[in-house]
Amino acid sequence: MAQAAQAAQGPQPGWPVTEAEALAVQDQLRARVEYADHSPVPGAPCTLVAGVDVAYDDERDLVAAAAVVLDAATLEVVAQATALAPVSFPYVPGLLAFREIPAVLAALEQLGSVPGLVVCDGYGMAHPRRFGLASHLGVLTGLPTIGVAKSPFLFRHAPVGERRGDSAPLLDEGRGRGECGPDGDEGGDEGGEEVGRALRTREGVKPVYVSVGHRTGLDAACAHTLALARHYRLPETTRRADALCRTALRAAQGT
DNA sequence: GCGACAG
DNA sequence: ATCTTGTCGC
């Protein structure tokens, strides 16, 4: 079924060290994001969907990543892998990807299968510069990706309906350092550009925040999220990856 | 200048 | 993210 492996390599040569370098990398990679949908049919039998997540121990300079592959229809685990790496970047809102990606890539590489979609714990297009960790991971792997976050970051949205499946546009009203300026059409009618969606996956529970990463459309991203979050607020992919990376980190700490 | 700010 | 006990409810 699964295979748990580990790797302990440092950040790649050329990995950004300063914020300015990281910003430059984002600006360069952002042009390679593809917005046409190439993701699988949501919930289709025998298609593979992966979830990735990381856990930190800054004290010991350690980050543990996990990648878990599920059957999109049954939500059963098909494969999983973990990887350890040194913390490659400090936490800076807007530059999260530089902290998570090296370890996540290592975990994905040790997977025995190639998923048709990768679900990230965070944002994709819903990012001050439209290049969140889901976008970043997508460009580096070429895989369709989406971001499903637990809080709205710097965006706002109208109240979301109470039933499962209800949603409201996530709007960028122009904060954070991204863009400002009075020119250009923001895409939306009033209130800013739609960068994602606040989506209710469970009745009476706080919504999740979905945005497009690479090679996936927003409608498809929401459909995938709903198909993966049938039992809990968060997609089964992120729940499984979260549990696995915590276990991997504890195991590493006891070493 | 100050506060907010995915994980 | 992480530090942390019990508790109310399906």
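So that the names make sense, note that chain A is the first sequence line, chain B the second, and so on, each numbered from 1.
Here A:Gly94 lies in heavy-atom contact (under 4.0 Å) with a base.
In this structure, the CE atom of A:Met125 is 20 Å from the P atom of B:dA6, given to the nearest Å. Rounded to whole Å, atom P of B:dA6 lies 12 Å from atom CG of A:Leu133. The NE2 atom of A:His136 sits 15 Å away from the C1' atom of B:dG7 (whole-angstrom rounding). When rounded to the nearest whole Å, the span between CG of A:Leu62 and P of B:dG7 equals 21 Å. Between the P atom of B:dC5 and the CZ atom of A:Arg156 lies a distance of 11 Å, rounded to the nearest Å. When rounded to the nearest whole Å, the span between OH of A:Tyr232 and P of C:dC10 equals 16 Å. Per the geometry, CZ belonging to A:Arg250 stands 14 Å off C1' belonging to C:dT2, to the nearest Å. Between the NZ atom of A:Lys150 and the P atom of B:dG7 there is a distance of 4 Å, rounded to whole Å.
No donor-acceptor pair under 3.5 Å is formed between the side chain of A:Thr141 and the backbone N or O of A:Leu105. In this structure, A:Arg200 contributes its side chain and A:Ala168 its backbone to no donor-acceptor pair below 3.5 Å.
For A:Pro93, the listed nucleotide lying nearest its side chain is B:dC5; candidates were C:dA1, B:dC5, B:dG7. When the nucleotides B:dG7, C:dT2, B:dA6 are ranked by their closest atom to the side chain of A:Arg246, C:dT2 comes out on top.
Applying the 4.0 Å criterion to OP1 and OP2 of B:dG7, one finds that A:Ser151 has a side-chain N or O inside that range. At B:dA6, none of the side-chain N or O atoms of A:Tyr209 fall inside 4.0 Å of OP1 or OP2 (strictly under the cut-off).
Note: A:Leu143 CG to A:Leu137 CG = 7.5 Å, rounded to the nearest 0.5 Å. Of the inter-residue distances, the one linking A:His224 atom NE2 with A:Ile146 atom CD1 reads 7.0 Å to the nearest 0.5 angstrom.
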